[in-house]
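Below is one structure, written out as structure tokens, with a few remarks after it.
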Amino acid sequence: MENKILSIAIPTFNRPEILKGNILLMMPEIREFSIPIYISDDSLDDQTKNVITELQKDYEHIYYSRNIPSLGHDSNIFYTLKFPKTDYVWLLGDCMILKRGAIKKTLEIISQTTPQIISVNAKNRDLDINSAYCNDSNKVLDQFGWHLTLTGAAIYSRSAISAIDEISQNEYKNFPQIALIFNHLSVACSFYWINDKYLYINSEKESYWLSDIFEVFIDDWSNAIRNLPGCYDGDNKEKVILEHSRKVKLFGLKSLLKARYMDAYNLYLFKKYKTALADHSGLSSPFLLMIAFIPKTTLSIILAIKKYLLTNN
């Protein structure tokens, strides 16, 4: 019998094989608890639809919706959350995988405390705070605000989801889940943190954001946090803005070199984001300038040598 307490909802875009592989890895526990899966597809072709059709033959509790025209990232996240009818919805990015035990643990927490929002830890996240219930929204923002950008880190109650229509997407571009979580918690904070690292990212995925990394994770991210309700401490907001970049190493040397190789970082972007980038990266402006000047051909040679050494050792 299909589970009425918890479902998994996945917004997806052009990742059919990764999505299929992820679902198959999670299927043993999904099947054990009869967890329904809802997929909202923004893809540009039928490949994801075909993959899901095959999966439905083996597991009947998979529900699929194709968006024509595509809804776009933010609207698809909200549509995906509203798609299921269960009491709680685990919003899972199409590159995210749940480890065995995640569903069982979450169902236990729901039965014990019925929080409005539940969050889980993830592999390779610089975060280690004891599992606990929290009713202080500023504390949630302070400790977990940066982490909750990860689409898969939060499970939403039906009550939280019902507040979607109150959110102005223009104020929270690219981070609609942050708006939903913290606007809802500002009214009545009921949050549970699970410190177990139940979540991890498929290593084959390529980020949607790499070509727009500065606009998304400096401009849009900063605006999203600053637009949260006034009950959240202003200094705390500024701390969380920088904490995300620092903890995820979003603008570290490796990431910036990759962005430079893809021409997603150059002299123009250095000049535009010079001050903010120094704050977000922790790197000096002269060093950031030097990276912006590295020829892409030089990086190509370095990558080719690295690939050769890895292949022949």
Side-chain angles (χ1 to χ4, degrees), residues 6 9 74 77-78 81 87-93 96 98 102 105-164 166-169 171-199 217 220-248 250:
L6 178 66
D74 295 3
I77 281 183
F78 280 168
L81 275 169
D87 295 339
Y88 286 81
V89 177
W90 199 323
L91 180 71
L92 199 64
M96 307 304 300
L98 300 178
K105 180 69 172 182
T106 300
L107 288 169
E108 289 174 354
I109 296 303
I110 291 171
S111 68
Q112 293 166 5
T113 61
T114 61
Q116 292 292 300
I117 300 289
I118 303 168
S119 181
V120 301
N121 210 339
K123 183 181 178 181
N124 297 326
R125 298 294 262 193
D126 182 14
L127 184 58
D128 185 14
I129 298 172
N130 290 338
S131 300
Y133 179 86
C134 182
N135 60 4
D136 182 338
S137 58
N138 263 287
K139 185 177 179 180
V140 175
L141 178 64
D142 176 57
Q143 294 186 324
F144 308 108
W146 72 273
H147 175 65
L148 287 163
T149 59
L150 196 61
T151 308
I155 299 101
Y156 303 76
S157 67
R158 178 58 45 195
S159 176
I161 293 169
S162 68
I164 280 177
E166 301 171 14
I167 302 296
S168 171
Q169 290 189 32
E171 295 180 353
Y172 300 97
K173 181 183 176 185
N174 286 315
F175 298 94
Q177 77 277 26
I178 291 294
L180 181 60
I181 291 168
F182 288 103
N183 276 272
H184 189 70
L185 293 181
S186 72
V187 177
C189 186
S190 175
F191 177 90
Y192 197 97
W193 167 249
I194 300 173
N195 196 44
D196 302 81
K197 292 183 180 288
Y198 282 131
L199 193 66
F217 288 103
D220 296 342
W221 168 240
S222 299
N223 289 337
I225 294 298
R226 288 170 183 153
N227 283 328
L228 291 177
C231 64
Y232 292 102
D233 180 76
D235 290 339
N236 195 15
K237 289 181 180 180
E238 296 304 313
K239 168 184 169 279
V240 170
I241 288 170
L242 293 182
E243 194 170 35
H244 177 263
S245 297
R246 296 289 185 92
K247 284 185 173 290
V248 181
L250 202 58

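Keep in mind that what you see is a predicted model, and the values were worked out from it rather than measured. Note: hydrogens, waters and symmetry copies are ignored here, and every other heavy atom, side chains too, is used.
When all heavy atoms of H147 and A153 are compared, the pair lying nearest together is NE2-CB, 3.6 Å. Across every non-hydrogen atom of V89 and R158, the tightest pair is CG2-NH2, 3.8 Å. Minimum heavy-atom separation, L185 to S190: CD2-N, 3.8 Å. Closest approach of C134 to K139, counting heavy atoms only: SG-CD, 3.9 Å. Contact detail for G145 and W221: the closest heavy-atom pair is O-CH2, 3.8 Å. Residue W146 comes nearest to V240 through the heavy atom pair N-CG1, 3.8 Å, listed as atom of the first residue, atom of the second, then distance.
Using modelled atom types, one finds no donor on one side chain facing an acceptor on the other under 3.5 Å when comparing N195 with N130. A donor-acceptor contact closer than 3.5 angstrom is absent between the side chains of Y192 and S131.
Separation of atoms CG (L91) and CE (M96) is listed at 11.0 Å; rounding is to 0.5 Å. Atom OG1 in T106 sits 9.0 Å away from atom CD in E108 (nearest 0.5 Å). The line from CD1 of I164 to CG of N183 is 12.0 Å long, rounded to the nearest 0.5 Å. The line from CD1 of I118 to CD1 of I110 is 4.5 Å long, rounded to the nearest 0.5 Å. Atom CD in E243 sits 9.5 Å away from atom CD in Q143 (nearest 0.5 Å). Atom-to-atom distance recorded for I241:CD1 and R246:CZ is 13.0 Å, nearest 0.5 angstrom.
Side chain of Q177 to main chain of T149: a donor-acceptor pair is present (N/O by atom type, distance under 3.5 Å, no hydrogens or angles). The backbone N or O of L228 sits less than 3.5 Å from a side-chain atom of K237, completing a donor-acceptor pair. Between the D233 side chain and the N138 main chain, no donor and acceptor come within less than 3.5 Å of each other. Checking side-chain atoms of Y232 against main-chain N and O of F182 turns up a donor-acceptor pair under 3.5 Å. Remark: the backbone N or O of E171 is paired with a side-chain donor or acceptor of N227 at under 3.5 angstrom. A donor-acceptor contact shorter than 3.5 Å is absent between the side chain of S137 and the backbone of S186. Within the 3.5 Å criterion, the main-chain N or O of L250 finds no donor-acceptor partner in the side chain of S245. Between the side chain of W90 and the main chain of G152, a donor-acceptor pair closer than 3.5 Å is present.
With contacts defined as side-chain heavy-atom distances shorter than 4.5 Å, the pair V120/L98 does not qualify. Using a 4.5 Å heavy-atom cutoff, the side chains of P115 and F191 are not in contact. Residues T114 and Y88 form a side-chain contact, since some pair of their non-hydrogen atoms from C-beta on lies under 4.5 Å apart.
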Item to check | From CA spacing to verdict: side chain to side chain contact (heavy atoms under 4.5 Å, CB included), Y198, N121 | outcome: CA-CA 6 Å; Y198 282 131; N121 210 339; over 6 Å; no
Checklist entry - So V248 and R125, side chain to side chain contact (heavy atoms under 4.5 Å, CB included) or not? Walk me through it. => result CA-CA 7 Å; V248 181; R125 298 294 262 193; 3.7 Å; yes
Item to check | Residues L127, F144; criterion side chain to side chain contact (heavy atoms under 4.5 Å, CB included); working and verdict | outcome: CA-CA 9 Å; L127 184 58; F144 308 108; 4.2 Å; yes
Next on the checklist: Assess the residue pair L199 and L150 against the criterion (side chain to side chain contact (heavy atoms under 4.5 Å, CB included)); give the C-alpha distance rounded to whole Å, side-chain angles, the decisive distance to 0.1 Å, and a yes or no.
Outcome noted: CA-CA 10 Å; L199 193 66; L150 196 61; 3.7 Å; yes
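Aromatic pair F217/F175: ring centres closer than 6.0 Å.
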